[in-house]
Structure formats: structure tokens, C-alpha cells
Amino acid sequence: MTDIPLSTQTTVAGADRKSWGTIALRWLLFVMLGLFALFYLMPLFVMVTTSLKSLDEIRTGSLIALPRSVTLDAWRTAWSGACTGIQCEGLRPYFWNSVLLAVPAVLISTVLGALNGYVIAQWRFKGANIIFALMLFGCFIPFQVVLLPMARMLGILGIAGTIPGLIFVHVIYGLGFTTLFFRNYYVTIPHELVKAAKVDGAGFMRIFFAIFLPLSLPIITVSVIWQFTQIWNDFLFGVSFSSAGTQPVTVALNNIVNSTTGVKEYNVDMAAAIIAGLPTLFVYVLAGKYFIRGLTAGSVKG
């Protein structure tokens with residue numbers, strides 16, 4: 001029987017130790033990530049379990065304990081019976097206000113941002129860089145700075161305190177971001193395509209719809225997710241530029257939490273908060289990976 005050289009034995013032993021060390025580090029990483037995920041998801045767990053408990057169980061039980069008896073009464077109250085002031089209609093009318101607000105605002109700002117990005121990235125008219133820089137500057141203006149000028153403008157247009165007025169506000173404020181997304185994506189498309197299309201007789205809109213729009217699905221996804229999240233979760237514009245009957249769901253949620261009299265219904269508050277946050281959570285769960293792909297797709301140059 002041939003003896004294995006000592007150097008070979010040493011090499012094999014070192015490889016085994018390295019393999020076990022790699023496995024241990026990997027498991028340590030998994031454990032740490034699991035702990036971070038648990039810590040991050042704990043508030044959501046508490047919200048869900050609290051919303052499924054009765055008030056008596058909340059008073060006598062533990063905060064992190066599972067409900068002994070699951071009840072959906074808090075969810076029904078939050079949706080159609082909770083008081084947002086003098087009215088006790090729940091979140092339902094305000095939820096649909098947010099839908100009527102978010103869907104048109106997202107579509108309009110995405111379409112206008114696509115056209116702006118297309119013009120700035122591919123047609124390169126004189127002063128395009130200055131206009132783009134000014135639009136980027138507008139992205140970083142705090143909300144509070146534009147409240148008074150925007151309120152004055154809505155009054156002049158006659159749409160103050162209406163859902164169209166809120167749509168107008170979010171389209172204007174989101175236009176800088178959508179233009180940035182599409183501009184950075186469109187500069188990665190070879191300019192020779194535009195030149196070739198011009199030679200073939202294609203015009204401005206024909207080039208956009210035939211060449212650029214079919215290639216834009218990743219960045220359209222980014223724009224839609226970004227705008228929908230910003231608009232749906234907005235509170236400041238909603239409370240400043242809406243009136244009774246046109247308030248979005250975030251304003252109604254704040255009113256439910258702060259207008260409760262008598263016994264504090266924590267289960268209703270938690271159910272209302274989950275209902276208000278479900279649309280954005282749903283969007284991220286379905287399209288979160290496309291959001292990252294779209295962002296990286298426009299980061300090659302520009």
C-alpha cells in the first residue's frame with residue numbers, strides 16, 4: 001500500500017479546515033441576517049396580532065403573544081365604522097380617494113417624465129443640460145417650502161381642496177424624479193438608432209413610440225413603484241391641499257388614531273394602519289425585484 005506524502009496530507013487537512021471555516025462563517029451570516037429580519041419584522045408582527053385580538057385580550061395579554069381567539073371585528077370597524085372626526089365611516093371612502101388620486105398622478109407623471117427624458121437624452125437641444133439641472137434642483141426642495149406657492153396656484157386654477165388639485169401637486173412634484181429616471185435610462189440607448197430612424201423618415205413621436213417606449217419597461221416599473229409609493233404614503237400634501245370628502249387615506253388614518261374618545265381601541269388603530277399600508281406593500285412584493293433591475297439598467301452611463 002502506497003503511503004500518502006506528508007505534504008499532501010497537510011494540504012488536504014488545510015482544505016478541510018478552510019471548508020469548515022467557510023461553512024461556519026456562512027451559517028453565522030445566515031443567523032445574523034435572520035436576527036436582523038426578525039428585529040425588522042417584529043413591529044409588523046405586533047400590528048397583525050394586535051389587530052386580531054379583542055380589547056380584553058389586549059389589556060390582559062402579552063404584546064407579542066399570539067391571539068387566543070382570532071376576531072376580525074377590528075378590521076371591519078377600521079374599514080367601515082371607525083370615526084375620523086364627526087363622521088364614522090372608517091377608511092373606506094378615503095381609501096378610494098387615494099386610489100382616485102394615485103392612479104392618474106402616477107400615469108401622468110410617468111408619461112411626462114418619459115417624454116422629458118427622451119427629449120433631454122436624445123434630441124439634445126440648446127440648454128437641455130441647464131433645464132435638466134434645474135429639474136434636479138427641484139427634486140431636493142423640501143415639501144414645506146412649496147406649500148404656500150402651491151396653495152396660491154391651486155386657488156388661481158380653481159382646484160383647491162379637490163382630488164384634481166392633489167393630482168396636479170403630485171404630478172408637478174414628481175416630474176423631476178421621473179425625468180431623472182428616464183433620462184438616465186435613455187442615454188444608454190445608442191443615438192445611432194435615432195439617426196437611422198430620422199433617415200427613414202420617422203418623426204419625434206414615431207421614434208418615441210416605435211423605438212424607445214418598447215425598450216422602457218424596466219424604467220417604467222421603477223417610475224410607477226417610486227411614484228405610487230410617494231403619493232400613497234404622502235401626508236403633508238394631503239392634509240394641506242384637501243378638504244372634507246377629498247382627504248387621502250393617510251389623513252384619515254391620522255384622524256382615526258387621534259380622534260378616539262373613551263377607551264383607546266388599539267386593535268382598530270393597528271388594523272387601520274395595515275389597511276392603509278397594504279397597497280404599497282403589495283406593489284413592492286410583486287414588483288420589488290423589477291425596481292432594482294430598472295435602477296441598475298440605467299446606471300451604465302450618463
If you take all heavy atoms of [X] and [Y], which pair is closest and at what distance?
{"X": "P190", "Y": "Q122", "value": "O-OE1, 4.5 Å"}
{"X": "I231", "Y": "A102", "value": "CG2-CA, 3.8 Å"}
{"X": "T178", "Y": "G113", "value": "OG1-CA, 3.4 Å"}

Hey, quick one: are [X] and [Y] part of the same hydrophobic cluster, counting side-chain heavy atoms closer than 4.5 Å, chains of contacts allowed?
{"X": "V48", "Y": "M270", "value": "yes"}
{"X": "M42", "Y": "L52", "value": "no"}
{"X": "V99", "Y": "L286", "value": "no"}
{"X": "I156", "Y": "L148", "value": "no"}

From the list V222, L217, L215, side-chain contact (heavy atoms from CB on, under 4.5 Å) partner of I219 resolves to V222

What is the ring orientation for W79 with W96, classed by angle as parallel under 30°, tilted 30 to 60°, or perpendicular over 60°?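 Plane angle over 60°, so perpendicular.
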
Look at the aromatic rings of Y173 and F177 and report parallel, tilted or perpendicular, splitting at 30° and 60°.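 Tilted: the ring planes of Y173 and F177 meet at 30° to 60°.
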
Any sub-3.5 Å donor-acceptor pair from N267's side-chain atoms to K53's backbone N or O? yes

Apply side-chain hydrogen bond (donor to acceptor under 3.5 Å, both in side chains) to residues T179 and N116 and explain how you reach the verdict. CA-CA 6 Å; T179 300; N116 287 344; 3.3 Å; yes

Under 3.5 Å side-chain donor-acceptor pair for T71 and S54: no

Decide whether Q227 and S109 meet the rule of one side-chain donor and one side-chain acceptor closer than 3.5 Å. yes

Assert yes or no for the condition that the ring centre distance of F241 to F237 is strictly below 6.0 Å.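 So the answer is yes for these two rings.
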
Only one of Y185, W123, Y186 forms a side chain to side chain donor-acceptor pair (under 3.5 Å) with Y118, so which one is it?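 Of Y185, W123, Y186, side chain to side chain donor-acceptor pair (under 3.5 Å) with Y118 is met by W123 alone.
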
Run the side-chain contact (heavy atoms from CB on, under 4.5 Å) check on L236 and L147 step by step: do they pass? CA-CA 9 Å; L236 183 59; L147 289 181; 4.2 Å; yes

